[in-house]
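Data first, discussion second: the structure below is written as structure tokens.
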Amino acid sequence: MTKRKPTRRDTRRRVEQLANNPLCRANTLSAVHDVPMKDVAVSVGLTPKFGQSVHAITRGQSFENGLFRDAAARLRDSLVKARVLSAEEAGFLDLRIRLAGGPLRSLDDAHRETLALFDRIEREGAFESMPSIVAGPVLEVPGKAILPDGMVALDVLALVPEADRSVRAVIGEIKVYPDRGGHTDSAQLQTARAQAGLYLHLLRHTCAERGLTRLRPSDEGFLVLNLSGTNLPRVRAREELRFQAKRAEVAVQHLLEAASIEVGSSDAVRLDVIAEAGKCYQEGCVSFCDLADRCHDQALAQGEPAVLGAEAKRFLGSVTLHRATALLSGAAPDTDAEIDLVRRLEEAR
């Protein structure tokens, strides 16, 4: 029997992978049981395409460190310009661990400091010295015993005082790729929003579990991207995260369910189980999953609307591309979904 490798404290990577496509059983099993998709891809004869280079990781760390240098002065300017914060709001709290460039020793320390801040807000409301920018706050994942430590570090949290002394908490996600306005890579944006939605779900869960009423998670978050051609930040504000948070809630439920599924005691068996597990191709899969090309081909053969993107999937719903083509050619609808689709197509003409 092959001995399993030791568990790593990389909960964020695994939970983010899960959040990127919570409807895919293979992706869920891969994340929960810590079997990388690149290994699954190799086992079925595919060449892995993902995995950050040392250069990319170093560049990302440099970009993030620059944002938080001098009490997050560069990030604050961008957040004020994007109207996430006002010019009057000040204060910076760095809860990043040392490995991420911060002052704290461990995720456990960062988690304790995060809860201490939240509890103070609950007692006092928006207090005078409250930080408006918090780097690296740490939250627990429900059912934490399933993953190595059940803790996830957010990139950044903006705290905005309200008139009633409550505090609006705005999730921020930092990515090093460039913002090209309307031409920014849609799959990369979808992945970033999915991750921010996961953190919004975890923040809501924390508030509910601890009975926090003065800390109010915002349905809108922000993305911090790279200003094209520079190492300066560009903030995309007012990112709607409600749908992504709902998807993350489903992801966490799947996490709990998948943990009870036996995937075998050897590497070969685990790889086979995940390779043969049910798939659910989505547009964002091309930006993170090494099985995406294979799943795209299978979805195309089945007429799955998702191969044309998320908008096509929302418009066609359960109607396949093959059937939609037939309906456009004059075939009579057979189901309520097809009747509704024909009606909407006629209205769009």
Check your understanding: Under 3.5 Å, is there a donor-acceptor pair between the side chain of H322 and the main chain of A301?
Key -> yes
Exercise for review: Evaluate the criterion side chain to side chain contact (heavy atoms under 4.5 Å, CB included) for residue pair T191 and Q188; output intermediate values, then yes/no.
Suggested key: CA-CA 5 Å; T191 298; Q188 289 180 325; 5.8 Å; no
Point to revise | Taking every non-hydrogen atom, the tightest pair across A237 and A82 | key: CB-O, 3.7 Å
Revision key, fill the gap. Nearest heavy-atom approach of V84 to A158 is CG1-CB, 4.2 Å
Check your understanding: Is there side-chain contact between L93 and I133, with at least one heavy-atom pair below 4.5 Å?
Key -> no
Check your understanding: Do Q190 and S287 have side-chain N/O donor and acceptor atoms under 3.5 Å apart?
Key -> no
Point to revise | Distance, nearest 0.5 Å, that separates CG of D109 from CZ of R98 | key: 8.5 Å
Study note, to complete from the structure: dist M151:CE -> E140:CD (nearest 0.5 Å) comes out at 5.0 Å
Exercise for review: State whether the side chain of N21 and the backbone N or O of C280 hold a donor-acceptor pair below 3.5 Å, judged by distance alone.
Suggested key: yes
Point to revise | Sidechain-backbone polar pair: S218 side chain, A169 backbone, donor-acceptor under 3.5 Å | key: no
Study note, to complete from the structure: Residue pairs meeting ring-ring contact (aromatic ring centres under 6.0 Å, His included), one or both in residues 72-113, sequence neighbours left out, come to F68-F92
Check your understanding: Short question: side chain of T206, backbone of L202 - any donor-acceptor pair under 3.5 Å?
Key -> yes
Review point. Are V138 and L99 connected in the hydrophobic side-chain network, where two residues link if heavy atoms are under 4.5 Å apart?
Key: yes
Review point. Where the side chain of N27 meets the backbone of Q17, is there a donor-acceptor pair that is under 3.5 Å apart?
Key: yes
Study note, to complete from the structure: d(R120 CZ, L115 CG) to nearest 0.5 Å is 15.5 Å
Point to revise | salt bridge (charged side-chain N to carboxylate O under 4.0 Å, His left out) partners of residues 324-342, not counting sequence neighbours, each pair once | key: R323-D334, R323-E338, D340-R343, D340-R344
Exercise for review: Could you state whether V35 and V44 fall into the same hydrophobic cluster, counting links through intermediate Ile, Leu, Val, Met, Phe, Trp or Tyr residues with side-chain heavy atoms under 4.5 angstrom apart?
Suggested key: yes
Check your understanding: Is the number of heavy atoms from other residues, nucleotides or ligands within 6.0 Å of CZ (F127) greater than 12?
Key -> yes
**Study point:** Sidechain N-carboxylate O distance under 4.0 Å for R204, D219
**Key:** yes
Check your understanding: For L316, what are the other residues in its hydrophobic cluster, where any two members join if their side-chain heavy atoms are less than 4.5 angstrom apart?
Key -> Y281, V286, L300, V307, L308, F315, V319, L321, L327, L328, L341, V342, L345
Point to revise | For the student: nearest non-hydrogen atoms of S30 and P36, plus distance | key: OG-C, 4.0 Å
Practice item. Walk me through it: do L159 and L215 pass the test side chain to side chain contact (heavy atoms under 4.5 Å, CB included)? Key: CA-CA 9 Å; L159 299 179; L215 185 70; 4.2 Å; yes
Practice item. Using the test salt bridge (Lys or Arg N to Asp or Glu O under 4.0 Å), find all partners of E239 that sit at least two apart in sequence or belong to another chain. Key: R193, R236
Check your understanding: Considering all heavy atoms of both residues, which atom of R247 and which atom of N20 are nearest to each other, and what is their separation?
Key -> NH2-O, 3.3 Å
Review point. At their closest point, which heavy atom of S166 faces which heavy atom of A126, and how far apart are they?
Key: O-CB, 4.3 Å
Point to revise | Backbone N/O of A306 and side chain of E304: donor-acceptor pair under 3.5 Å | key: yes
Check your understanding: Rounded to the nearest 0.5 Å, how far apart are CG of D155 and CD of E173?
Key -> 4.5 Å
Practice item. I would like to know whether R238 and E240 meet salt bridge (charged side-chain N to carboxylate O under 4.0 Å, His left out); could you show each step before the answer? Key: CA-CA 6 Å; R238 303 183 66 84; E240 176 60 59; over 6 Å; no
Check your understanding: Mind checking whether F288 and L29 sit in one hydrophobic cluster, side chains of I, L, V, M, F, W, Y counted as touching below 4.5 Å?
Key -> no
Point to revise | Check: L271 and D39 side chains under 4.5 Å, non-hydrogen atoms | key: yes
Review point. Which heavy-atom pair separates A337 from S318 by the least distance, and what is that distance?
Key: CB-OG, 3.8 Å
Check your understanding: What pairs of residues pass the salt bridge (charged side-chain N to carboxylate O under 4.0 Å, His left out) test when at least one of them lies in residues 64-85, not counting sequence neighbours?
Key -> none
Check your understanding: With a 4.5 Å limit on heavy-atom distance, are the side chains of V134 and D94 in contact?
Key -> no
Review point. Do the side chains of L67 and I174 get nearer than 4.5 Å, heavy atoms only?
Key: yes
Review point. Any ion pair linking K313 and E311 (charged N to carboxylate O, less than 4.0 Å)?
Key: no
Check your understanding: Would you say the side chain of V42 lies within less than 4.5 Å of the side chain of M37, judging by non-hydrogen atoms?
Key -> no
Check your understanding: Is there a donor-acceptor pair closer than 3.5 Å between any side-chain N or O of E122 and the backbone N or O of R214?
Key -> yes
Exercise for review: Start with the C-alpha gap between V170 and E220, add the side-chain angles, then the distance that decides, and say whether side chain to side chain contact (heavy atoms under 4.5 Å, CB included) holds.
Suggested key: CA-CA 7 Å; V170 188; E220 294 181 338; 5.8 Å; no
Review point. Are side-chain heavy atoms of F222 and V224 found at a separation under 4.5 Å?
Key: yes
Review point. Do the non-hydrogen side-chain atoms of M130 and V167 ever get within less than 4.5 Å of each other?
Key: yes
Review point. Does K49 pair with D290 as a salt bridge, N-O distance under 4.0 Å?
Key: no
Point to revise | Hydrophobic cluster identity match, L241 and L23, side-chain contacts under 4.5 Å | key: no
Review point. Do L225 and F63 sit in the same hydrophobic cluster, where Ile, Leu, Val, Met, Phe, Trp and Tyr count as joined when their side-chain heavy atoms come under 4.5 Å apart?
Key: no
**Study point:** Reported CG-to-CZ distance for the pair L291 and R294, which is rounded to 0.5 angstrom
**Key:** 6.5 Å
Review point. CG/L79 to CG/L85 distance, rounded to the nearest 0.5 angstrom?
Key: 5.0 Å
**Study point:** Flag, side chain of T184 to backbone of R180, donor-acceptor distance under 3.5 Å
**Key:** yes
Practice item. Give the intermediate values and the outcome of side chain to side chain contact (heavy atoms under 4.5 Å, CB included) for residues L139 and L154. Key: CA-CA 8 Å; L139 303 175; L154 284 62; 3.6 Å; yes
Check your understanding: Is a side-chain donor-acceptor pair under 3.5 Å present for S86 with E88?
Key -> yes
Exercise for review: Please identify each residue that fulfils salt bridge (Lys or Arg N to Asp or Glu O under 4.0 Å) with R165, with sequence neighbours left out.
Suggested key: none
Review point. So do L157 and T114 actually touch side chain to side chain, heavy atoms under 4.5 Å?
Key: no
Point to revise | Neighbour count above 12 (heavy atom, 6.0 Å) for E347 CD | key: yes
